[in-house]
Trainee: 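Just dropping this structure here.
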Protein chains: 2
Amino acid sequence: MKSFDIPIPTLKRLPLYYQHLLIARERGEKVMSSTDLGEAIGSAPEQVRKDLSFLSGQGKSRVGYDIDKLISIIETYLGLMLHKEAVIIGAGNLGHALALYPGFSQYGLKIIALFDNDAKKIGEKVGKLKVLHVDDLADYIKNQSIRIAILTTPPESARQIAPQLVNSGIKAIWNFSTAHLVVPEDVLVRNVDLSLELGVISHYISGLDRISLIK
Amino acid sequence: MKSFDIPIPTLKRLPLYYQHLLIARERGEKVMSSTDLGEAIGSAPEQVRKDLSFLSGQGKSRVGYDIDKLISIIETYLGLMLHKEAVIIGAGNLGHALALYPGFSQYGLKIIALFDNDAKKIGEKVGKLKVLHVDDLADYIKNQSIRIAILTTPPESARQIAPQLVNSGIKAIWNFSTAHLVVPEDVLVRNVDLSLELGVISHYISGLDRISLIK
DNA sequence: TAGATTGTTAATCGATTAACAATC
DNA sequence: TAGATTGTTAATCGATTAACAATC
């Protein structure tokens, strides 16, 4: 799963550029310099130019980047226009929030089903979606040719379900559980453990206390 | 805000180690090697040893790390035992999910209030918390000496509120909005933009399509 | 003692930043 | 033309990985 032709950090900045370009276009702007784009997302202009050079830079000296053109280049490069369907496994609070998260559609991601193993939740409505039983998950994925799964279950369930997902044809797992998933090479796993940020935040806050003790 | 004595990636792995050590302790285990710890979180043993060396390595050759000791070292280092109170601004789906997220208390984080500017939401119950009006935010933070704020509002609101938070004494902002916040040096901002992962996922999925087209 | 495992130094890798020639 | 801005190469920085001596 390593054959990226572009650094992951760059890949994560592209959506940011994209958002700001959309806003600028909305405002009627036509071109944008690397300096302005960088400022908008909090990066240096060199960073922006470097990032954009991966997608065959299209800027014009003295002018900047053509907003329309750059938008469509990023769309093509990331495959944003592609219709990407995903399922959520785990209909808890986080699953709900993600199912209803408004930002995803901008990137072509559409949540089309939620699964849970809790009988009480089956049939429950989340937005326009109904919660389905996890027993039907494998068939559903196969029949609908889903390739993206979002995991918001407890870690043990996540570990159990991951192989099923892979067997059913899932190619990308967005893992919100704390479980470390082991999957074949050709399956992308992106881990988002919200708690990890607490390592940084907690250390920072407790550092403040330490300083104030010394003073 | 740069004066970390330890790499951020390490800081984010410490909570992972911590979790696995807790589990191991639960199982009655006494010591754990860097190899085992690494395996649990998907890192190399060298990585583990390197990380732990930042907190004055406490392992024993031929034996491994004393689980009890390491747990308490990490707790001290990250300030996990510190009682850290936080407010959430934005009582939408994500705000709800975070308010009810079970994983935070393990790290000493306690959400004690939710704020919103939508009159319809004020007074609404989220778990045991009531949604308060954002007009009362500054006073609340000052009176309760809150230092951590979690932002789950739309980007424009986030940008507006950030200076207020800083003025009221907030020292760490966990920013789930897409806004790029500009704050004084001594305020920590941790950005979590869920959409950014979609850059990586979308690119990967569309890469699969590209390959299958070629074949 | 012999061997496993740590802690640390050095080598590698990769991303960011700086510099600057090319260009519009 | 002069000057601003790109695109790219080189230098720097920082984190990961490898190697190995120290140690229990």
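Each chain gets a letter, A, B and so on, in the order the sequences are listed, and its residues count up from 1. Keep in mind the model is a prediction, meaning the values are calculated, not measured.
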Trainee: In whole Å, what is the span from the CD atom of E46(A) to the P atom of dT12(D)?
Mentor: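 About 15 Å, once rounded to whole Å.
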
Trainee: Which nucleotide in the list dA4(D), dT8(C), dG7(D) gets nearest to the side chain of S53(B)?
Mentor: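 The answer is dT8(C).
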
Trainee: Give the nucleotide from the list dT16(C), dT17(D), dT5(D) with an atom nearest to the side chain of Q47(B).
Mentor: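 That would be dT17(D).
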
Trainee: Find which nucleotide of DNA chain D each of K60(A) and K50(A) is nearest to by heavy atoms, and output the residue with the more 5' nucleotide.
Mentor: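 Closest to the 5' end, via its nearest nucleotide, is K60(A).
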
Trainee: Please answer whether the main-chain N or O of L208(B) pairs with a side-chain N or O of K171(A) as donor and acceptor at a distance below 3.5 Å.
Mentor: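 No; judged by distance alone, with no hydrogens or angles, the pair does not exist.
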
Trainee: Quickly work out the L14(B) CG to dA15(D) C1' distance and round it to whole Å.
Mentor: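 Atom-to-atom, L14(B) to dA15(D), this comes out as 15 Å.
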
Trainee: Which part of the nucleic acid does T35(A) contact within heavy-atom distance under 4.0 Å: base, sugar-phosphate only, or nothing?
Mentor: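 Contact class for T35(A): none.
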
Trainee: Among dA15(C), dT6(C), dT16(D), which nucleotide sits nearest the side chain of R49(B)?
Mentor: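 When the side chain of R49(B) is considered, dT6(C) is the closest of dA15(C), dT6(C), dT16(D).
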
Trainee: For R62(A) and for S34(A), locate the closest nucleotide of DNA chain D by heavy-atom distance; then report the residue assigned to the nucleotide nearer the 5' terminus.
Mentor: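 By nearest-heavy-atom nucleotide position, the 5'-most residue is R62(A).
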
Trainee: Across the strands shown, which category fits T10(B) at heavy-atom distances under 4.0 angstrom: base, sugar-phosphate, nothing?
Mentor: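 Counting heavy atoms under 4.0 Å across all strands, no contact is made by T10(B).
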
Trainee: Specify the separation, in whole Å, of atom CD1 of I8(A) and atom P of dA15(D).
Mentor: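 One finds 18 Å between P of dA15(D) and CD1 of I8(A), rounded.
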
Trainee: Could you tell me whether the side chain of P7(B) reaches within less than 4.5 Å of the side chain of F54(B), counting heavy atoms only?
Mentor: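 They are in contact (side-chain heavy atoms under 4.5 Å apart), so the answer is yes.
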
Trainee: Any carboxylate oxygen within less than 4.0 angstrom of a Lys/Arg side-chain nitrogen, looking at R25(B) and D68(B)?
Mentor: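 Salt bridge: yes.
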
Trainee: Let me know the distance between CD1 of I73(A) and P of dT6(D), rounded to the nearest Å.
Mentor: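 Computing the I73(A):CD1 to dT6(D):P distance gives 14 Å.
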
Trainee: Mind checking who dC24(D) pairs with, Watson-Crick or G-U wobble, both distances under 3.5 Å?
Mentor: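 Result: dG3(C).
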
Trainee: Which is more 5' along DNA chain C, the nucleotide nearest D51(A) or the one nearest V63(B)? Just name the residue.
Mentor: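 Comparing both residues, the 5'-ward one is V63(B).
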
Trainee: Determine whether the side chains of T10(A) and D51(A) contain a donor N or O and an acceptor N or O closer than 3.5 Å.
Mentor: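 T10(A) vs D51(A): donor-acceptor pair found between side chains.
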
Trainee: Under a 3.5 Å cut-off for both contacts, is dA19(D) paired Watson-Crick or G-U wobble with anything, and if yes, with which nucleotide?
Mentor: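 The base-pairing partner of dA19(D), which may sit in any strand shown, is dT8(C).
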
Trainee: Roughly how many Å is it from CD in Q58(B) to C1' in dG7(C), rounded to a whole number?
Mentor: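 Roughly 12 Å, once rounded to whole Å.
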
Trainee: Think Y65(B) has a side-chain N or O under 4.0 angstrom from the OP1 or OP2 of dC24(D)?
Mentor: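 For dC24(D), OP1/OP2 do not have a side-chain N/O of Y65(B) under 4.0 Å.
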
Trainee: How long is the line joining CG of L70(B) and P of dT5(C), in whole Å?
Mentor: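 Atom CG in L70(B) sits about 17 Å away from atom P in dT5(C).
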
Trainee: Grab the CZ-P distance between F54(A) and dT8(D) for me, whole Å please.
Mentor: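 Distance check: F54(A) CZ to dT8(D) P gives 11 Å.
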
Trainee: By nearest atom, which of the nucleotides dA15(D), dT23(D), dT5(D) is closest to the S33(A) side chain?
Mentor: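 So the nucleotide nearest the side chain must be dT5(D).
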
Trainee: Starting at CE of M32(B) and ending at P of dT5(C), how long is that distance when rounded to a whole Å?
Mentor: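 That distance rounds to 13 Å.
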
Trainee: Is S202(A) reaching over with its side chain to a backbone N or O of G199(A), donor-acceptor style, under 3.5 angstrom?
Mentor: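 Absent.
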
